[in-house]
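Presented below is the structure to which this report refers.
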Amino acid sequence: MNTKIREILDFVRGFKGRPVVNAAIAFLQITVILVVGIYFYNANEKANDAAFNLKQHVLASEVAGNIEKYFGNLSGSLNALTRIPFIIDFEENKTREMLSIKYQNLKGQGINDISVMDAKGVIRYSVNARELEGKDFSWRKYYQTARDQKKGNHSIVQFIEFKGVGAGKKGILIAAPMFAPESSDNFYNSENGFHGVVIYTLTLDAMIRKFVIPHKSSENGYIF
C-alpha cells in the first residue's frame, strides 16, 4: 500500500506550480492521509479487540476452573455427612450439633444453610431455617433425583429461590442422597436403602462476590 501512495504523490507533484491544480494536490494529499489513518486505526482496533477477547477467555476459564473445584470440595464434604451414623439415624442432638459445626466451618465459603431431609422428603433439621422443619419437599426435583440414585458419591446441583433464610433471593442448592447401611434395620425398612438427603444452600450473590467480582479484564471492566 505504501508503494501505491508514493506513486500517487509523485504523480501529483508533477503538477506543482500550476495554480488550478494546487488545490487538487492539497485535497489528494489530505485524502491519502485520511485513508492511511483510517486503515491503521481499524487495524489497531482489530488487534485490541482480539487481545481483549483472548484475555476474557483466559479469565473466564480460570473462574470456571475455580468454581468447578469449589463445587467438587463441597460435594466431598456433603457426601461425608451422609455417611455419619447418627445423622442417618436422625439422632437430633448429635445431628444438630454436627450441622452447626459444619456450618461454622463453611459459612466463609458462602454456605447459608445446611439441612437434613428424611426418606419421605420432609425436612427434619435445618441450621438457619427452623421454620422449614416438618415441611414436605418431596415435590422438589432435587429430592426426586436423589431418591433415584444408587449408592455412591453423588450430588445434585439446582438453582432455587429461597423459602426460609434469605426468602425470595436466588440461590444454589447442592444435595446428596443418604443411604442406610445394609446391616441396619433402616436399610430393610427403606426403598433400596435410600434414607434421606443432606443439603447445602448458598446465595448467587455469594458466588458472584467470591468468583466474579475479584477478576477484572481491565481497569474499569469485569469479565463476562
Side-chain angles (χ1 to χ4, degrees), residues 60-90 94-129 132 137-166 169-182 186-187 190-215:
S61 296
E62 179 183 343
V63 171
N66 290 338
I67 291 175
E68 184 178 10
K69 183 178 179 180
Y70 171 77
F71 277 101
N73 291 337
L74 289 182
S75 178
S77 169
L78 195 60
N79 276 285
L81 288 180
T82 67
R83 294 190 289 270
I84 297 177
F86 59 77
I87 294 181
I88 296 173
D89 292 335
F90 299 106
K94 290 183 178 180
T95 298
R96 289 193 186 279
E97 182 179 3
M98 174 58 74
L99 296 184
S100 179
I101 292 171
K102 181 63 71 172
Y103 170 73
Q104 292 301 321
N105 291 336
L106 292 176
K107 67 179 182 179
Q109 298 297 313
I111 299 299
N112 73 332
D113 196 20
I114 305 175
S115 56
V116 177
M117 175 184 288
D118 64 24
K120 295 181 179 179
V122 175
I123 297 290
R124 296 286 291 272
Y125 312 115
S126 175
V127 174
N128 292 321
L132 296 182
F137 285 87
S138 60
W139 55 275
R140 298 297 294 264
K141 185 177 180 180
Y142 66 83
Y143 164 79
Q144 296 170 5
T145 302
R147 183 189 57 196
D148 295 336
Q149 296 291 322
K150 295 180 180 180
K151 285 187 176 181
N153 293 328
H154 302 287
S155 59
I156 299 101
V157 178
Q158 182 178 325
F159 288 101
I160 60 170
E161 181 177 301
F162 290 112
K163 302 298 183 184
V165 58
K169 290 185 177 180
K170 305 298 181 182
I172 299 173
L173 174 146
I174 313 171
M178 183 166 58
F179 295 93
E182 293 185 21
N186 290 328
F187 179 84
S190 61
E191 183 178 347
N192 299 321
F194 174 73
H195 203 57
V197 181
V198 182
I199 301 164
Y200 288 167
T201 58
L202 57 148
T203 65
L204 281 179
D205 287 345
M207 292 287 294
I208 292 170
R209 287 194 302 270
K210 184 175 180 64
F211 292 108
V212 179
I213 289 179
H215 295 270

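Since we're looking at a predicted model, the values are computed, not measured.
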Keeping the roles fixed (side chain from H195, backbone from I88), state whether a donor-acceptor pair exists under 3.5 Å. yes

Mind checking whether K120 and F137 have side chains closer than 4.5 Å, heavy atoms only? no

Would I174 and L78 count as a side-chain contact (heavy atoms from CB on, under 4.5 Å) if you check the C-alpha gap in whole Å, the side-chain angles of each, and the deciding distance to 0.1 Å? CA-CA 8 Å; I174 313 171; L78 195 60; 3.8 Å; yes

Flag the pair K107 / N112 as yes when at least one side-chain heavy-atom distance between them is below 4.5 Å, and no otherwise. no

Quick one: sort the F194 and F179 rings into parallel, tilted or perpendicular, breaks at 30° and 60°. perpendicular

From CD1 (I199) to OH (Y142), nearest 0.5 Å: 4.0 Å

Does any part of the side chain of I111, heavy atoms only, come nearer than 4.5 Å to the side chain of L74, both counted from C-beta? yes

Sub-4.5 Å side-chain heavy-atom contact between L106 and S77: yes

Once rounded to the nearest 0.5 Å, what's the spacing between atom CG of L132 and atom CD1 of I123? 6.5 Å

To the nearest 0.5 Å, atom CG of L204 lies from atom NZ of K170 at 9.0 Å

Hey, does I84 have a side-chain heavy atom less than 4.5 Å from the side chain of M98? yes

Please answer whether the main-chain N or O of R96 pairs with a side-chain N or O of S100 as donor and acceptor at a distance below 3.5 Å. no

Is a side-chain N or O of Y70 found less than 3.5 angstrom from the main chain of Q109, in a donor-acceptor match? yes

Check whether Y143 reaches the backbone of A119 with its side chain - one donor and one acceptor, N or O, closer than 3.5 Å. yes

With a 4.5 Å heavy-atom cut-off, do I87 and L81 have their side chains touching? yes

Side-chain touch S126/D113, heavy atoms, less than 4.5 angstrom: yes

Whether over 12 other heavy atoms sit under 6.0 Å from Q104 CD: yes

